[in-house]
2 protein chains.
Amino acid sequence: MPGRREIKRRQTRLALITAALRLADERGVDRVTTEEISAAAEVSPRTFFNYFATKEHALVGDPLEDCPAPVLKPLPLLDALLDALAPAFEQIQGDRDLWLLRMRVISANPQLLPLLIAAAASAEQRLAQAIADQTGLAPDHPRPQVAAAVANAAVRVAVVRWAESGDSRPLIEHVREAFHHLKEVDDSRRT
Amino acid sequence: MPGRREIKRRQTRLALITAALRLADERGVDRVTTEEISAAAEVSPRTFFNYFATKEHALVGDPLEDCPAPVLKPLPLLDALLDALAPAFEQIQGDRDLWLLRMRVISANPQLLPLLIAAAASAEQRLAQAIADQTGLAPDHPRPQVAAAVANAAVRVAVVRWAESGDSRPLIEHVREAFHHLKEVDDSRRT
DNA sequence: AACCAAACTTGCAGTTTCTGCAAAAAGATT
DNA sequence: AATCTTTTTGCAGAAACTGCAAGTTTGGTT
C-alpha cells in the first residue's frame, strides 16, 4: 500500500506533467522553459530534473507507468493480446482529459511523436516477453518480437485516431478496429 | 545532378555522423560533446547545429534520407510491401559498416532506440500514403495506416536482428522472416 | 515521544546544449 | 569579373542539464 511518500511523489509528478502540458498547449513546446513548468507545479527547478530527464519527457510522461504486466490467456493470439492490453486501454480512457491534452500537444508539436512511440517501446518489450512465456518460445525468437511490435503499432494508430476523434467512440473500439485491419494485412487479395 | 555544394554537404553530414558514432562507440554517448564531434569532423561547433538539432540526431541520422518514395505494385499486400521497400533494404545493406556501428551504439545506449524508431515514422507516413494511393482508400483510413505501421514494425525488428547477427545473413532475409511471422499473428491457433 | 535512517527537495556552481544574428567564405550564374 | 545564393563561422546569450552538499520530510524503532 502506498504511503505518504508515494502519494506525494505521484502528486508532484502529475503536477509537473499537467503544468508542462498546459503551458505547451498554450504557447507551444519551445516557448516553455523548465523553470516555468516547475514554478507552475510549485517545486524548485532542480526538482524538475529529479523527475524527468528532459522537458519532452515531462510532456509524454511514462504513459503506462503503473500498468500491470500483461498476461496472455490461452486464446487465439489477437484475442489474447486484446485481453492482455485491456487494462492499459482502460487506464488511458480513464485519464481521458490528460490524454486528449497530451495528444493535442503532440499533434501540434510533431517532434514529440517519436517520444510517445519510444515510451511504448519498453511496454513492447514486456509484451514480447509475455508472448514468449505463453507460447513457450525463446524471448529472442522473432515471432513474439514481431507480434509485440505489431500489437504496439496497432495500438498506437488506435490511440492517435481515438484522440483525433475527440473520444467520440471509446478507445477500445478503435483498438478493435485496428486489430481487425491487422487481419487484412496478410490476406492475398491484390492491393 | 548534384553540384559541388550538394556533394560537400553530403560529405560534411557523413563526416559528422561517422565522427559522432566513432566517438560514441569509444566512450559512450554521454561522454562525447558536440564540440568534439565537430572538431573530429573538422567543422566549427556552430556548423554542427546547422546539420543536426541534437547530438542524438547525428547518431541516428536520417536513415532513409535519400531513398525513393515507395511505390506499390498490384500484388498481394505483403509482396507489394516487400517489393516497395527493397530499395531501402539495399541502401542499408550497402552502408553495412555504418549501420552495424550505428546499431552497436544504439544497443549500448538504449535511450537512442526511440530516436531510431522515430526516424522511421516519417517513412511510415509516406508508406501509408503509397498504400492509400494504390488501394484507392483515403489516406486517413485506418487500413493503410495500420498496414504501414505494421510494415514499419516488422522492418525494425528485422534490422535489429540483422545487426545483432552481425550481418551473417543479408538483411532482406531477416525482413522476409519477419514478414512471414506477420502471417502467424492473426492465425487462430491458441497461444 | 525521541530518535534514526532513508528518501526527497533544494540551492549553487559549473558544463553542455542550442539559438539568433550578422559577417565572412565558398559556390553558382550570367 | 560581377553578382547572387548558399554555407560556414564567431559571438553572445538563453536554456538545459549534472554533481554535490546541504536541508527537510517521512517511516519506522525503541
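Quick note on labels: first sequence line is chain A, next is B, and so on, each numbered from 1. For the numbers below, each heavy atom of this structure counts, side chains included, while hydrogens, waters and symmetry mates do not. Predicted, not measured: the structure shown is a model, and the values here were computed from it.
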Between C1' of dA26(C) and CZ of R5(B), the distance in whole Å: 7 Å
Under 3.5 Å side-chain donor-acceptor pair for E177(B) and H180(B): no
Hey, are N50(B) and R46(B) close enough side-chain-wise for a donor-acceptor pair under 3.5 Å? yes
Do R46(B) and dG20(C) have a side chain to base donor-acceptor pair shorter than 3.5 Å? yes
Between dT7(D) (P) and R13(B) (CZ): distance, integer Å: 13 Å
On DNA chain C, more 5' by nearest nucleotide between F52(B) and E6(B) is F52(B)
Between T47(A) and dT9(C), does any side-chain N or O lie under 4.0 Å from OP1 or OP2? no
Just how far is it from atom CD1 of I117(B) to atom CG of L113(A), taken to the nearest 0.5 Å? 11.5 Å
Quick one: are Q93(A) and I172(A) in side-chain contact, heavy atoms under 4.5 Å? no
Counting only side-chain nitrogens and oxygens, does S44(B) get under 4.0 Å of the OP1 or OP2 atom of dT8(D)? no
Please confirm whether the shortest side-chain N or O distance from Y51(B) to OP1 or OP2 of dT8(D) is below 4.0 Å. yes
Give a yes/no answer on whether the side chain of T33(A) brings an N or O atom under 4.0 Å of OP1 or OP2 in dA15(D). no
In whole angstroms, how far is the P atom of dT17(C) from the CG atom of N50(B)? 16 Å
Let me know the distance between NZ of K55(B) and C1' of dT18(D), rounded to the nearest Å. 12 Å
Mind calculating the distance between CD (E35(A)) and P (dC12(C)) to the nearest angstrom? 13 Å
Nearest-Å distance for atom pair CD/P, residues Q11(B) and dG27(C): 11 Å
Figure out the CD/P separation between E42(B) and dT9(D), and round it to whole Å. 11 Å
R4(A) CZ to dT24(D) C1', straight-line distance once rounded to whole Å: 14 Å
Decide whether Q129(A) and D133(A) meet the rule of one side-chain donor and one side-chain acceptor closer than 3.5 Å. yes
